[in-house]
Amino acid sequence: MAWRYYSDERKAVIKRPCEGCGAKPPSLADHVEPVVDPKKGFEDFEVYVWRMFNKKLQPLCKDCHDKKTKAEAQERKARRKLCSKSRSS
């Protein structure tokens, strides 16, 4: 049943203007907090599923979504680089 709720919430979110720039719909439904935490990385499947279906969504246009996704990816990459350096020391 979580999927139905998620689907209904997603449909409602994409009708609103973009949270980033105010652009008119159609928007993408984006998780306010990333499903995979950039600071912790992938924790486990249970945490992943919980975040996927139990986190708040926000409307973002494609440009704002791409910028947010790129920033999260850079943060994850920096974290991995830092972790690999600490393991090799």
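None of these values were measured; they are calculated from a predicted model.
- Take Val47 and apply the side chain to side chain contact (heavy atoms under 4.5 Å, CB included) test, not counting sequence neighbours, and it matches Glu43, Asp44, Arg51.
- In this view, Ala23 and Cys18, Cys21, Cys61 satisfy the side chain to side chain contact (heavy atoms under 4.5 Å, CB included) rule, not counting sequence neighbours.
- Annotation: side chain of Ile14 is not in contact with side chain of Pro59 (no heavy-atom distance under 4.5 Å).
- Judged as a side chain to side chain contact (heavy atoms under 4.5 Å, CB included), and not counting sequence neighbours, the contacts of Lys70 are Gln74.
- Hydrophobic clustering (ILVMFWY, side-chain heavy atoms < 4.5 Å, transitive): Met52 and Phe45 are in one cluster.
- Side-chain atoms of Ser27 do not come within 3.5 Å of backbone N or O of Val13 as any donor-acceptor pair.
- With a 6.0 Å radius and a threshold of 12 heavy atoms from other residues, nucleotides or ligands, Phe42 has its CZ atom above the threshold.
- Summarising the geometry, atom CG belonging to Leu60 is positioned 12.0 Å from atom NE2 belonging to His31; distances are rounded to the nearest 0.5 Å.
- Residues forming a salt bridge (charged side-chain N to carboxylate O under 4.0 Å, His left out) with Lys62 (at least two apart in sequence, or on another chain): Asp66.
- Between atom OH of residue Tyr48 and atom CZ of residue Phe53 there is a gap of 8.5 Å, rounded to the nearest 0.5 Å.
- In plain terms, the two heavy atoms of Pro38 and Glu72 that are nearest each other are CB-O, 4.0 Å.
- In this structure Gln58 satisfies the side-chain hydrogen bond (donor to acceptor under 3.5 Å, both in side chains) test together with Asp30, sequence neighbours excluded.
- For Glu46, there are no salt bridge (charged side-chain N to carboxylate O under 4.0 Å, His left out) partners two or more places apart in sequence or in a different chain.
- Annotation: salt bridge (charged side-chain N to carboxylate O under 4.0 Å, His left out) contacts of Lys39 (sequence neighbours excluded): Glu75.
- Between Leu57 and Arg16, the shortest heavy-atom distance links the atoms O-NH2, 4.2 Å.
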